[in-house]
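Quick notes on the structure that follows.
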Amino acid sequence: MLRVERARSLAACNTLALESRTRAFLRADSADSIAAALDWARSEGLAVLPLGGGSNIVLAGDVDALVLQVRTRGRELLREEGDSIILRVQAGESWHALVQWCLRRGYHGLENLALIPGTVGAAPIQNIGAYGVELERFVSAVHGVFLDDGRPFTFSASQCAFGYRDSVFKHSLRDACLLTAVDLHLHRSARVELAYPTLQHHLQQQGVRAPGPREVFDAVVAIRSARLPDPAREPNAGSFFKNPVVPRELAQRLASDHPDLPVYPAGPGQAKLPAAWLIERCGWKGRRRDGVGVHPAHALVLVNYGDNSGAALLALAGEIQASVAGHFGIALDIEPRIYGGGYD
Ligand code: FAD
Ligand code: NAP
């Protein structure tokens, strides 16, 4: 028996706490309930929007779809061969709880990705990344179903076409599938990734000489807790803009005009610039109006201070984009996916 909720508010289902209503809403905690929900949406002629923790979406208006919140649970050790561990994790599992669980069991690799909000099923969509590590390093396969007919599929990591905060699920398979589980390839041996300067600096300051996975996990949790605003108190969606990847010559030109502009290598002929630096230089850090604003400590984070409207937030984002384009000639892309208000 499906418990369809109609005209349901999504305010409690997104970390920006934006007000929006959806035509229909269902929770799915099993493969059968996902299949039944897809059948129901088809019979009603409704599109399906898979939802996890709502930490990477902006609701710009009401959503004309069935919002299907994925709550499936399960972590299974598929294989252990020598140093290699292959896990299958169901899509509705909390990402951070998985990182903690792996650490306790001695399944190593995910430590730098601690404390990222949201679900396992959403993690491949933007190839989550932090502190010098991206999810793609660990994905051995992704399982899902096509939204139009419920057909199951399994993709290898290369079929997912992962990139910087990017995957095939944002391009040719956008709005086409629901991910049901992710297979991860982890290791028994500790292979810590310490290249990210903030992480290195923190560990040095703590006097940690030879950090293992536990120390890296603790450091990432400490840095993030001190630095990033908690959505429960200051509703936000993490980084609102992606760091722009630009031709290296353009980055060098900008850096000669602005010697304090950090420039990071990003593949052949390319460079990555910190969007937060560009936004701060344009004077946006800490600016607040119409119940929305730019966080005073973190220029990449836009906050809903009480307006609760995606339109006000996106108007602010548009002004920031225009200002960065005007000052530096660089287009900033919005990272979270926008739904409603004519955007989808
Ligand atoms: P949702 O917001 O629910 O969904 C995001 C998108 O994925 C939507 O398009 C949705 O339709 C789709 N989706 C969700 N579940 C499924 C599924 N099962 N199948 C198919 N599609 C699905 N991101 C980083 O990469 N690195 C960070 O360090 C980071 N830090 C953050 C810090 C804060 C405070 C916040 C609020 C966000 C941060 N994010 C970060 C962004 C966000 O946490 C990630 O993108 C996360 O993977 C989103 O998970 P979610 O379950 O909340 O997805
Ligand atoms: P930060 O350490 O202040 O650094 C600012 C930006 O510079 C980061 O976004 C990072 O890019 C880039 N950077 C720094 N050192 C780098 C290096 N050695 N090589 C390449 N790029 C480098 O960043 P922060 O805002 O506090 O966030 C810390 C980490 O958590 C970052 O990895 C960030 O992506 C991640 N995070 C992501 C979100 C999100 O919603 N997507 C939210 C919060 C934090 P990268 O972003 O490519 O790492």
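Basis for what follows: all heavy atoms, side chains included, without hydrogens, waters or symmetry-related copies. Start at 1 and go down the list; that is how both ligands and their atoms are numbered.
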Looking only at distances, please establish whether an N/O atom of ligand 1 is found under 3.5 Å from an N/O atom of [X].
{"X": "Glu335", "result": "no"}
{"X": "Pro50", "result": "yes"}
{"X": "Arg337", "result": "no"}

Nearest protein heavy-atom contact for atom 46 (C) of ligand 1: which residue, which atom, what distance?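 In this structure, atom 46 (C) of ligand 1 has Pro117 O, 3.5 Å as its nearest protein heavy atom.
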
How close does the nearest protein non-hydrogen atom get to atom 29 (C) of ligand 1, and which residue and atom is it? Arg224 NH2, 3.6 Å

For [atom], which of the options [options] provides the nearest non-hydrogen atom?
{"atom": "atom 26 (N) of ligand 1", "options": "Ala181, Cys177, Gly129, Ala130", "value": "Gly129"}
{"atom": "atom 22 (C) of ligand 2", "options": "Trp277, Phe241, Tyr264", "value": "Tyr264"}
{"atom": "atom 7 (O) of ligand 1", "options": "Val133, Ile125, Val301, Asp175", "value": "Ile125"}

Side chains of Asn236 and His298: donor-acceptor distance under 3.5 Å anywhere? no

Tell me, please: is Ala276 in heavy-atom contact with ligand 2, that is, under 4.0 Å? no

Measure across Arg23 and Leu46 and return the closest heavy-atom pair with its distance rounded to 0.1 Å.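 Looking at all heavy atoms of both residues, the closest pair is NH2-CD2, 3.6 Å.
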
Would Phe169 count as a contact of ligand 1 if the rule is a heavy atom under 4.0 Å away?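 No, that is not the case, since the closest heavy atom of the residue is not under 4.0 Å from the ligand.
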
